[in-house]
There are 2 protein chains.
Amino acid sequence: MAGTREPGERDRWLDWAQGRLARTGLRAGAVRVALLELLARDGDCLISAQQIVARLAARGVGSQASVYRLLDQFVVLGLLRRVVGRDGLARYEKAHPGHSHYHLVDARTGAVEPFTDARLEAAIAGAAERHGFQLDRYDVVLHGVRVRGGAA
Amino acid sequence: MAGTREPGERDRWLDWAQGRLARTGLRAGAVRVALLELLARDGDCLISAQQIVARLAARGVGSQASVYRLLDQFVVLGLLRRVVGRDGLARYEKAHPGHSHYHLVDARTGAVEPFTDARLEAAIAGAAERHGFQLDRYDVVLHGVRVRGGAA
DNA sequence: GTTATTGCAAACAATTTGCATATAA
DNA sequence: TTATATGCAAATTGTTTGCAATAAC
């Protein structure tokens, strides 16, 4: 199952995010609390804003406006990463400081799966260098079909 | 200037596209003709649908509906590549069969520039292989600032 | 009490669709 | 002639914004 990692990581992100928010003068409203909890649990791979709105609504919390506003806020604070898919929808996932990753999209199921790859990272840095670019950030999305179990 | 290549490439794409369209039972309407010509000239790097609509409108040709419909059609036929930017807008560029490339986005100017890099290509193939993925297609977008003239 | 948070509804913008008309083959 | 191409206007859909009411600190 994508999103299952070492125990404690979920809470680590939550603690980090809460600490960061506490230090900004912002206030812990009901929607923000619920959103943080939801993201801590399900924010390991891209979730769309609409999905989030729906899940919160199912619990009787939040509205379009507040969810979009909070997501924006979290992105600005560096708590979330925002990615726009081929369908033009914004999706979000927890940001882990200094820990960038790529996405594998399964052409059959549409499932998105994060992965990291040191060699690829090095190759990208090299390519940027060769083309006279000082790299700031990058997006890499691979589309294909799974033929073997993913490398852990 | 991005988009300047060997002489004749523009017409080569146009010929190829026209040939492909001719063999499909579709008809060469006025908007299609104008759109093909525009793309042959300016389609080397990502243009948004709105830009295209505007440019055609300035020449008194086309409408939202026909432009969007034609662009879709061209993508399906493999004449164009469709890319969705971080702003969620669809952008298009000429597809060259078997000739994939990446994009450099200048963080200062927002300019998008295509490039190719054999080593990067190999690295991507390797990463897909390592993660048990049979690669179908990929998107690579590098964000940063230009520090030297681009490698020709 | 002051100021940020929330919800509602309206506003927006890109894209899509229905349908009547024009036109290429 | 007959199916495709086109334009117009309306509909969709994701996202944003204005504003009054609410609640955190």
Side-chain angles (χ1 to χ4, degrees), chain A residues 17-39 46-77 79-93 110, chain B residues 17-39 46-77 79-92:
Chain A
Q18 282 172 333
R20 191 159 248 245
L21 284 163
R23 267 175 271 108
T24 58
L26 303 177
R27 296 171 189 180
V31 183
R32 196 183 88 175
V33 171
L35 177 57
L36 272 178
E37 196 228 302
L38 184 155
L39 288 169
L46 304 170
I47 324 179
S48 76
Q50 298 295 335
Q51 284 167 9
I52 294 173
V53 170
R55 291 193 204 174
L56 287 181
R59 296 171 42 188
V61 190
S63 68
Q64 300 251 65
S66 17
V67 170
Y68 277 107
R69 274 186 295 233
L70 286 168
L71 288 173
D72 266 13
Q73 198 175 89
F74 289 2
V75 169
V76 169
L77 289 174
L79 306 181
L80 288 183
R81 211 169 97 81
R82 178 192 150 111
V83 177
V84 180
R86 299 182 74 80
D87 54 7
L89 304 197
R91 287 162 207 281
Y92 302 82
E93 68 184 356
Chain B
Q18 283 172 334
R20 192 159 247 246
L21 284 163
R23 265 174 273 108
T24 58
L26 305 176
R27 297 172 187 178
V31 183
R32 196 184 87 175
V33 171
L35 177 57
L36 273 178
E37 197 228 302
L38 184 154
L39 288 169
L46 306 169
I47 324 180
S48 76
Q50 297 295 336
Q51 284 167 11
I52 293 174
V53 170
R55 289 193 205 174
L56 288 180
R59 297 170 42 187
V61 190
S63 69
Q64 300 251 62
S66 18
V67 169
Y68 278 106
R69 274 186 294 232
L70 286 168
L71 288 172
D72 265 12
Q73 200 174 88
F74 290 2
V75 169
V76 169
L77 289 173
L79 306 180
L80 288 182
R81 210 169 97 81
R82 178 191 150 111
V83 177
V84 179
R86 299 183 75 78
D87 54 8
L89 303 197
R91 288 161 208 280
Y92 302 83

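Throughout, a chain's letter reflects where its sequence line sits, starting with A, and its residues are numbered from 1. Computed over heavy atoms, backbone and side chain alike; hydrogens, waters and symmetry mates excluded. As the structure is a prediction and not an experimental result, all values here were calculated from the model.
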- Message: Nearest 0.5 angstrom please: A:I47 CD1 to A:L38 CG, how far?
- Response: 5.5 Å
- Task: Look only at the side chain of A:R20 and the backbone of A:L77, and say whether a donor-acceptor pair between them is shorter than 3.5 Å.
- Result: yes
- Query: Of all nucleotides in DNA chain C with an atom under 4.0 Å from a non-hydrogen atom of chain A, which is the first and which the last going 5' to 3'?
  - Reply: C:dT2 to C:dC8
- Query: Between B:G29 and A:S63, which is nearer to the 5' end of DNA chain C once each is assigned its nearest nucleotide?
  - Reply: A:S63
- Task: May I ask you to test the B:V33-B:V61 pair for a side-chain heavy-atom distance under 4.5 Å?
- Result: no
- Message: Below 4.0 Å from chain A heavy atoms, what is the first contacting nucleotide of DNA chain D and what is the last?
- Response: D:dG14 to D:dC25
- For the residue pair B:L56 and B:A34, what are the closest heavy atoms and their distance? CD2-CB, 3.9 Å
- Message: Give me the atom names and distance for the closest heavy-atom approach of B:R86 to A:R82.
- Response: NH2-O, 3.4 Å
- Query: Across the strands shown, which category fits B:G88 at heavy-atom distances under 4.0 angstrom: base, sugar-phosphate, nothing?
  - Reply: nothing
- Query: When you check the gap from the basic side-chain N to the acidic O, do A:E37 and A:R32 get nearer than 4.0 Å?
  - Reply: no
- Item | Inter-residue atom distance B:S63.OG - B:R69.CZ, 0.5 Å rounding | 6.5 Å
- When all nucleic acid strands are considered with a 4.0 Å heavy-atom cut-off, which category describes B:S66: base, sugar-phosphate, or nothing? sugar-phosphate
- Note on the structure: Output for pair (A:Q51 CD, A:L46 CG), nearest 0.5 Å, gives 9.5 Å
- Message: Please classify the nucleic acid contact of A:R69 as base, sugar-phosphate, or nothing, using heavy-atom distances under 4.0 Å.
- Response: base
- Task: Report the C-alpha separation of B:L79 and B:V75 in whole Å, then their side-chain angles, then the decisive distance to 0.1 Å, and conclude whether the side-chain contact (heavy atoms from CB on, under 4.5 Å) test is met.
- Result: CA-CA 6 Å; B:L79 306 180; B:V75 169; over 6 Å; no
- For residues A:A49 and A:V67, report the shortest heavy-atom separation together with the two atoms involved. O-CG1, 4.3 Å
- Bending between helix ends of the helix from C:dG1-D:dC25 to C:dA25-D:dT1 [5 pairs per end, 10° resolution]: 30°
- By nearest nucleotide on DNA chain D, pick out whichever of B:G25 and B:A65 is the more 5' one. B:G25
- If we only count heavy atoms from C-beta on, is the A:I52 to A:L39 side-chain gap below 4.5 Å? yes
- Item | First encountered from the 5' end of DNA chain D, between A:L26 and A:Q50 | A:Q50
